Number of protein chains: 2
Amino acid sequence: MLREANKKKTKELIMKNAIQLFKQKGYQNVTVAEITTACGIAKGTFFNYFQKKEHILLYLADSYMELLHKIVQRNQVGTMKEQVLHIFRELFSIYFKQIDILHPAFEETIKSAIRSNGASGNISKLREAICYVLEQGMEKKAFRSKWKVAECADVIVGIFLNVLICTPLEEEKLMKKLAQQLEMVWGGFIHESTKEIS
Amino acid sequence: MLREANKKKTKELIMKNAIQLFKQKGYQNVTVAEITTACGIAKGTFFNYFQKKEHILLYLADSYMELLHKIVQRNQVGTMKEQVLHIFRELFSIYFKQIDILHPAFEETIKSAIRSNGASGNISKLREAICYVLEQGMEKKAFRSKWKVAECADVIVGIFLNVLICTPLEEEKLMKKLAQQLEMVWGGFIHESTKEIS
DNA sequence: GTCAAATAATGACTTAGGTCATTTTGGTGG
DNA sequence: CCACCAAAATGACCTAAGTCATTATTTGAC
């Protein structure tokens, strides 16, 4: 099937040139026409491969999220907290290497999550990865909780989103915040001696 | 100052007509030209008041967030958890009344938070409101925690964001999820009998 | 009231994303 | 090798956001 091969080649060609241009000029300053010219194809062809200009970012983010499986598999030592943190650390190290591209990609990822209500896309992949890690932990008796793993994963994803959305993008700061907030939810807010009053 | 008054009137005129059109046809299907025609002004005038079409959504979300102060003040009974939940319930009841408008507005709110790294905008207002509530609680000894209130507020905002981003938009489901996740972070993930192993 | 400076309104114009009818190309059967 | 069909490429075209030089309005000073 020559056709299939060509399609794959063209898609990769578009991705390659697009990423290069995004790195040079920033996502917002690159037009679809520029990308296609760089590829030596017609503008319309771009839209045979990506419905919207932004979809190229989702596709990119997707390809990085594929790495999650490897990250999760490779990393099965330490406490649950450490394992979760490790996943985030690995994600960030990818993120920060290409921050000029992945920052707009993050925006698109969230937009897409909102539109699908988190039912699909990268954020749900992240949630699933965390679920998997926690489940492994429960099986190995390294983690026990009165809550379902899916519910714990939800809270952890929330922490991740909030930190990414609301923290200046410096790797160390992000990791510190994440580590602390994980610590907080692991042990809970309430100080032992507290008595809630009505 | 006639000039000031006119500006205010024009801005309100634009908002009023824009909201009405958004309700009728949905944000995406309303053009700036339509809005200005409805207002009886020139298209260019719109951009004297809002830098981009989307900014009208931010302004709208902003005006709703102003209500936070009232909500927080009016509601100083119950446990901290209940008070926080109450804030969310009030926000949602506003949100759901105008969901077709506020959904795109929420997207813009997040985008803007990402760009300012959470330093300004509606999400930081929400965080501050929660901080305020928790601080009140600490003063009244209704809430004690080994964590700083700002850190607790961060986690709570994370829960809020994740739930709004990733849950199908039904008021009851959202509130249930929020209530549960607040419960979780209040008490912590870990079951007493758990021992973390290395 | 008149004039000049500051501010606001205007709409023709530019730009870029996205569409689609048409053309070209790859694949298949005779 | 040709004929034919399905799928992919094409680029003229359309639409809508956003710009900006020009025009109109408000204001304050005299």
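As the structure is a prediction and not an experimental result, all values here were calculated from the model. Side chains are part of it too, since the values below use all heavy atoms of this structure and drop only hydrogens, waters and symmetry mates. Labels below follow one simple rule: chain letters A, B, ... track the order of the sequence lines, proteins then strands, and each chain is numbered from 1.
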Between [atom2] of [N] and [atom1] of [X], the distance in whole Å:
X: B:Asn29; N: D:dA17; atom1: CG; atom2: C1'; result: 15 Å
X: B:Gln28; N: D:dA17; atom1: CD; atom2: C1'; result: 12 Å
X: B:Phe50; N: D:dT19; atom1: CZ; atom2: P; result: 15 Å
X: A:Ile35; N: C:dG17; atom1: CD1; atom2: P; result: 8 Å
X: B:Ile41; N: C:dT10; atom1: CD1; atom2: P; result: 7 Å
X: A:Lys9; N: D:dA7; atom1: NZ; atom2: P; result: 21 Å
X: A:Phe47; N: D:dG11; atom1: CZ; atom2: P; result: 15 Å
X: A:Asn48; N: C:dT23; atom1: CG; atom2: P; result: 17 Å

Original post:
Cut-off 3.5 Å, side chains only: do B:Gln73 and B:His69 have a donor facing an acceptor?
Top reply: no
Original post:
Between B:Val30 and B:Glu4, who's closer to the 5' end of DNA chain D by nearest nucleotide?
Top reply: B:Val30
Original post:
Closest nucleotide of DNA chain D for B:Phe46 versus for A:Gly44: which of these residues is on the 5' side?
Top reply: A:Gly44
Original post:
Under 3.5 Å, side chain of B:Lys177 to main-chain N/O of A:Glu151, donor-acceptor pair present?
Top reply: no
Subject >> Under 3.5 Å: donor-acceptor pair, side chain of A:Asn162, backbone of B:Val157 >> reply: no
**OP:** State whether B:Lys7 places a side-chain N or O below 4.0 Å from either non-bridging phosphate oxygen (OP1 or OP2) of C:dA8.
**Re:** yes
Of the candidate nucleotides [options], which contains the atom at the shortest distance from the side chain of [X]?
X: B:Tyr49; options: D:dA17, D:dT10, C:dA8; result: C:dA8
X: A:Lys53; options: C:dG26, C:dG18, D:dA17; result: C:dG18
X: B:Thr45; options: D:dG18, C:dG18, C:dA9; result: C:dA9
X: A:Thr10; options: D:dA9, C:dG17, C:dA9; result: D:dA9

**OP:** Can you check whether any acceptor in the base of D:dT27 is under 3.5 Å from a donor in the side chain of B:Arg3, or vice versa?
**Re:** no
Subject >> Pair of N/O donor and acceptor under 3.5 Å linking C:dG17 base with A:Lys43 side chain >> reply: yes
Subject >> cation_pi(B:Lys97, B:Phe92) dist<6.0 Å, angle<=45 >> reply: no
Subject >> Short N-O contact, A:Lys23 and A:Asp100, less than 4.0 angstrom >> reply: no
